[in-house]
Protein chains: 2
Amino acid sequence: MRNICITVSYDGAGYNGFQVQPGLNTVQHQLEQAIRWLTGEEVKIHASGRTDAGVHARGQVFHFHTGSKIPVTRWGMALNGRLPHDIRIWDVREVPLEFHSRRWAKRKTYRYAIRCGKIFDPMTRHMEFYHPPSLDLDAMREALSYVEGEHDFTSFCSVRTKAVSHVRTIYEARLDCAWTDEHLRSSVIHIYLTGNGFLYNMVRIIVGTLLQIGEGKRKASDMKRILEAQDRGAAGPTAMAHGLTLWEVFYEEAPPTT
Amino acid sequence: MRNICITVSYDGAGYNGFQVQPGLNTVQHQLEQAIRWLTGEEVKIHASGRTDAGVHARGQVFHFHTGSKIPVTRWGMALNGRLPHDIRIWDVREVPLEFHSRRWAKRKTYRYAIRCGKIFDPMTRHMEFYHPPSLDLDAMREALSYVEGEHDFTSFCSVRTKAVSHVRTIYEARLDCAWTDEHLRSSVIHIYLTGNGFLYNMVRIIVGTLLQIGEGKRKASDMKRILEAQDRGAAGPTAMAHGLTLWEVFYEEAPPTT
């Protein structure tokens with residue numbers, strides 16, 4: 001038996017999220033189908049975490065056990081040849097049997113993309129949340145500074161969570177104004193959050209609250225107050241899924257090779 | 001009667017090109033339908049040029065005559081509200097009645113995007129031609145230098161053209177290695193061609209030939225020889241449509257307002 005660890009990018013627009021759901025087209029379903037085609041095995045894959053419907057991934061990581069003897073150098077091209085073009089595998093390695101893509105993950109980075117301005121870009125409409133009025137970026141940056149550190153994120157967590165502890169550490173919460181398009185008279189804002197773990201909808205609720213701060217509907221310092229409230233009702237709405245990308249998953253030694 | 005000039009971006013992936021064709025979904029069809037909904041008129045629009053199936057536009061320009069009294073400031077939002085999200089209007093102006101978006105165009109810029117590397121990016125797969133092996137960019141740049149200037153472009157023109165003269169002037173032919181993605185271990189090459197006009201498939205045939213030069217199948221200086229041959233058979237294949245974007249159309253006074 002071998003443990004195979006794969007890094008994959010996908011455009012989530014066409015999928016009902018990552019996790020297998022009966023009768024729905026999901027990324028996991030596509031990956032398991034491709035692996036079954038290659039190995040003949042009914043494999044169940046385990047990802048570093050789920051992504052919701054419409055959420056994208058630049059560097060999602062998953063692992064699975066297999067009896068297949070196919071060398072790791074062959075897997076990528078073989079699976080990419082079988083997978084739809086909105087899912088691309090870009091790294092395959094054999095890892096120790098005890099490696100687990102979720103439990104061994106040390107840090108994760110998510111990116112949320114917002115387009116402000118007169119119109120949105122039709123070429124990137126599926127990966128940028130469109131917010132026509134401009135936003136107060138300084139206020140949003142100040143608000144993000146309160147998110148950094150170890151906190152109880154109950155306020156920024158879907159009530160549907162099953163997590164026992166709501167304490168997570170955010171190592172970095174950064175806002176970049178990535179670029180401005182003079183033609184479309186619009187600009188793109190990227191929010192990067194890196195933490196040791198994320199609760200259900202946590203990034204999207206933080207961004208939904210940040211948007212209200214950027215609009216001037218709330219003060220930047222409200223972010224601190226909302227965290228302390230430990231009440232989902234204190235925070236803003238859940239931002240739309242399509243602006244979110246699981247950017248990168250970090251391991252102790254990115255992930256170990258046997 | 002008024003003459004309205006509109007600048008529009010579109011993702012060409014979902015369309016059978018710009019021009020109306022019976023029974024097919026085209027960009028022109030969508031635009032004319034939206035204008036009919038707004039004005040109640042059966043309007044025929046005239047673009048700066050057609051784009052083929054799968055080709056995108058960042059700044060396509062078209063005009064049409066209308067008896068509508070709706071102020072120009074209202075058109076953009078009204079039409080965008082009706083159009084599918086892969087077509088976005090970003091400028092509307094009233095121009096002199098004699099203005100013609102094709103005949104008055106002084107220069108046009110096209111961009112062709114190529115992704116080289118181990119895998120393509122699923123997020124931008126519909127707008128980048130994927131060419132796994134790396135290319136000799138210096139040879140491609142040298143080849144592009146031969147394209148600049150006034151030439152007979154018969155070799156780089158579909159035999160289906162109806163153009164009488166095949167002489168065009170290329171003001172600039174530039175290759176940028178736009179960026180390198182360390183994660184996907186791939187890079188994106190952008191080729192920009194600016195000229196006073198382009199023959200049918202001209203950019204795509206130039207790029208198809210450039211790719212052969214970048215692969216080392218032809219020498220950079222062959223570009224000069226191919227131009228002189230004035231024979232479509234001397235050039236390389238027509239590059240795939242989806243890498244091409246009509247980038248910008250320039251007018252004497254970008255375009256005049258009444």
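Around the CZ atom of B:R50, the shell of radius 6.0 Å holds no more than 12 heavy atoms that belong to other residues, nucleotides or ligands. For A:R74, the CZ atom is loosely surrounded, since the number of other residues' heavy atoms within 6.0 Å does not exceed 12.
To the nearest 0.5 angstrom, A:K118 atom NZ is 5.5 Å from B:D91 atom CG. The CE atom of A:M127 sits 4.0 Å away from atom CE of B:M123, with the distance rounded to the nearest 0.5 Å.
Only the side chain of A:H56 comes within less than 4.5 Å of a heavy atom in chain B; its backbone stays farther off. Of the atoms belonging to B:D86, heavy atoms from both backbone and side chain fall under 4.5 Å from chain A.
When the candidates B:H126, B:R185, B:M77, B:R125 are compared by the number of heavy-atom contacts under 4.5 Å with chain A, B:R125 comes out ahead.
Shortest non-hydrogen contact noted between A:N80 and B:I119 is ND2-CG2, 3.7 Å. Scanning both residues, B:P122 and A:I87, for their nearest heavy atoms gives CB-N, 4.3 Å.
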